[in-house]
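Structure first, commentary second.
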Amino acid sequence: MIKMYGFWRSAASFRVRIALNLKGLGFEEEMIDLDAGEQNDPTYRAINPQGALPTVIFDGGPRLAQSLAILEYLEETHPAPALLPADPHGRARVRSLALLWAADHHPLIVPRIRGYLADVMKQDEAARAAWIRHWFREGLAIGERRLAGDPQTGRYCHGDSPTIADLCLMSQAMGARGFGVDFADLPVVNRIVDACLLRDEFARAVPLRQPGAPAQH
């Protein structure tokens, strides 16, 4: 049994949700409402002292946190289908792309940063929204420059099978769409996002399709 503590709009939960779907692993997801501050509740802090999402428990074992570490664990324990290339250079390239979105840009827009901007830096809603849109857009634009013209880029970020890089790109791209970021001028990014969304494993994991997400009109 796999249990995940996540939230519908958590980008990191989205990445892990896709991986579980791609690996064909059933899981139960308990939503921790970030908007209501449930990540700060002592009950959840006892599970994950950082108060971050997701936390995943595999077969009643020790709790695992941090999405990229969880993805690596899944790759080691359930290697098929592979989400990392077979060759060392390819694995390094995929990890590098994944870190671009998951480590360089995603941490700049999480709730604790937005809260700091509001409470300590006294930035109003418009300024906070501009900050968020800037970093979403920046991450995708840098990704476009890295992917475009690279012969290792295929139907997906690396070749013609999804990798961890695609999971991280999707979390950046879908978050950007949610905040109204225009990235229509990034053709490679858009092509890869469209290719991912054609796959049921990605489509089922999309944030707005999760319990608790606002209804789409």
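Because only heavy atoms are used, hydrogens play no part in the values below, and waters and symmetry mates are left out as well, while side chains stay in.
Here the OG-CD1 distance, from S13 to I32, works out to 9.5 Å after rounding to the nearest 0.5 Å. In this structure, L83 CG and R91 CZ are separated by 13.0 Å, a value rounded to the nearest 0.5 Å. How far OG1 of T55 is from CD1 of I47: 7.0 Å, rounded to the nearest 0.5 Å. Here the straight-line distance linking atom CG of D33 with atom OG of S10 works out to 12.0 Å at 0.5 Å rounding. Remark: L97 CG to L169 CG distance equals 9.0 Å, nearest 0.5 Å.
Closest approach of I18 and A205 over heavy atoms only: CG1-CB, 3.6 Å.
For residues 120-142, the pairs satisfying salt bridge (charged side-chain N to carboxylate O under 4.0 Å, His left out) are R137-D185, with sequence neighbours left out. Residue pairs meeting the salt bridge (charged side-chain N to carboxylate O under 4.0 Å, His left out) criterion with at least one partner in residues 12-32, sequence neighbours excluded, are K3-E30, R17-E29, K23-E75.
Judged purely by atom type and a 3.5 angstrom limit, D41 uses its side chain to pair as donor or acceptor with the backbone of T43. Looking at Q172, its side chain never comes within 3.5 Å of a backbone N or O of C168 through a donor-acceptor pair. In this structure a side-chain-to-backbone donor-acceptor pair under 3.5 Å is missing from W135 to P107. Judged by distance alone, the side chain of Y44 and the main-chain N or O of Y5 form no donor-acceptor pair under 3.5 Å. In this structure a side-chain-to-backbone donor-acceptor pair under 3.5 Å is present from R45 to Q50. In this structure, Q210 contributes its side chain and W8 its backbone to no donor-acceptor pair below 3.5 Å. Remark: the backbone N or O of Y73 is paired with a side-chain donor or acceptor of T77 at under 3.5 angstrom.
Applying the 6.0 Å contact sphere to CD of E72 captures more than 12 heavy atoms from other residues, nucleotides or ligands. Within a 6.0 Å radius of CE in M1, more than 12 heavy atoms belonging to other residues, nucleotides or ligands are found.
Taking 4.5 Å as the limit, some side-chain heavy atom of T153 sits within range of a side-chain heavy atom of R191. No side-chain heavy atom of M170 sits less than 4.5 Å from a side-chain heavy atom of I192. Two residues are said to be in side-chain contact when any heavy atoms from C-beta on lie closer than 4.5 Å; R114 and I132 meet this criterion.
A donor-acceptor contact under 3.5 angstrom links the side chains of S96 and R146, judged on distance only.
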Under 3.5 Å, side-chain donor or acceptor atoms of residues 158-167 against the rest of the protein: list the pairs with distances, not counting sequence neighbours.
{"residue": "H158", "atom": "ND1", "partner": "R93", "partner atom": "NH1", "Å": "2.9"}
{"residue": "D160", "atom": "OD1", "partner": "R155", "partner atom": "N", "Å": "2.8"}
{"residue": "T163", "atom": "OG1", "partner": "A165", "partner atom": "N", "Å": "3.3"}
{"residue": "T163", "atom": "OG1", "partner": "D166", "partner atom": "OD2", "Å": "3.3"}
{"residue": "D166", "atom": "OD1", "partner": "C157", "partner atom": "N", "Å": "2.8"}
{"residue": "D166", "atom": "OD2", "partner": "T163", "partner atom": "N", "Å": "2.8"}

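Between F183 and F136, the ring center distance fails the sub-6.0 Å criterion.
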